[in-house]
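Read the structure below first, then the notes.
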Amino acid sequence: MSQKTKIAVFASGSGSNFEAIAKACLAGELNAEVVLLITDKPEAYAVERAQKLGITTAAFSPKAYGTKAQYEQAILDRLQASDVEWLVLAGYMRLVGETLLQAYPSHIVNIHPSLLPSFPGKAAIEQAVLHGVKVTGVTVHLVDEGMDTGPILAQEAVRVIDGDVEKTAEAIHAIEHTLFKETLHSLLTRK
Ligand code: GRF
């Protein structure tokens, strides 16, 4: 088998997508290795998941840096020290800046819980339910300087269940875990 692609997953919260990707790598479903979990929130549950999986976490607090460029440079130094090739954003609640975009052109992927370009930004599931749409979904896309605006790689529709955020979120997460893995597989095998 060809050499495994080194990826870093970025997460700020629960990390269920991080765990799904890490497990897919460990199971050999993805020819990749999650070499780092990067977080801006050391208290995130994703960190516990990483510990259980034996994956190194690197936490960077934006407040510890004078500028966003300095914050991202510190992350970049860590990524380069581990020879990371792809950045996978899985619930990373910050806009990626110039420093990382320039270091990883077309090599940063994000997952978003709506059918973009509808409902970009925070609380996308709540936005969709509040709007009264009957179908929402999941988008995996390449990251550019905008908020959830980069080229779309994959989408899957999910029906809004009983106008209920929690039930719909559960259905969305289940789809996310499969769609992210499949999309990464296509990306990594076409390089
Ligand atoms: C997911 O819904 C993802 O689409 C969005 O943030 C959420 C992260 O969930 N960007 P988790 O932390 O992976 O459980």
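As the structure lists them, so they are numbered: ligands from 1, and atoms in each ligand from 1. Values in this document were obtained by computation on a predicted structure and should not be read as measured data. Computed over heavy atoms, backbone and side chain alike; hydrogens, waters and symmetry mates excluded.
Residue contact check for ligand 1: His173 places a non-hydrogen atom closer than 4.0 Å to it. Heavy atoms of Gly15 come nearer than 4.0 angstrom to ligand 1 in at least one pair.
Leu37 and Leu53 fall within a single hydrophobic cluster, where Ile, Leu, Val, Met, Phe, Trp and Tyr side chains are chained together by heavy-atom contacts under 4.5 Å. Using a 4.5 Å cut-off between side-chain heavy atoms of Ile, Leu, Val, Met, Phe, Trp and Tyr, with links allowed through other members, Phe119 and Ile125 fall into the same hydrophobic cluster. By the criterion of side-chain heavy atoms lying less than 4.5 angstrom apart, applied directly or through intervening Ile, Leu, Val, Met, Phe, Trp or Tyr residues, Ile55 is not grouped with Ile38; the two fall into different hydrophobic clusters.
Within ligand 1, the atoms closer than 4.0 Å to a non-hydrogen atom of Ser14 are 12 (O), 14 (O), numbered from 1 in the order shown. Each of the following atoms of ligand 1 lies closer than 4.0 Å to a heavy atom of His112: 4 (O). Residue Pro113 approaches ligand 1 through these ligand atoms, each under 4.0 Å from one of its heavy atoms: 2 (O), 4 (O), 5 (C).
Proximity of Tyr92 to Val9: side-chain heavy atoms (C-beta onward) are nowhere separated by under 4.5 Å.
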Could you walk me through whether Arg49 and Glu19 pass the salt bridge (charged side-chain N to carboxylate O under 4.0 Å, His left out) check? CA-CA 7 Å; Arg49 295 188 199 255; Glu19 182 170 330; 2.8 Å; yes
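Here the heavy atom of the protein found nearest to atom 6 (O) of ligand 1 is Gly91 CA, 3.4 Å. Looking at atom 10 (N) of ligand 1, its nearest protein heavy atom turns out to be Ile111 O, 2.9 Å. Protein heavy atom nearest atom 14 (O) of ligand 1, with residue, atom name and distance: Ser16 OG, 2.6 Å. Distance from atom 4 (O) of ligand 1 to its nearest protein heavy atom, with residue and atom name: Glu176 OE2, 2.3 Å.
Checked against Ile111 for a side-chain contact (heavy atoms from CB on, under 4.5 Å), the options Leu153, Thr183, Leu184, Asn17 give a single hit: Asn17.
No donor-acceptor contact under 3.5 angstrom links the side chains of His173 and Glu170, judged on distance only.
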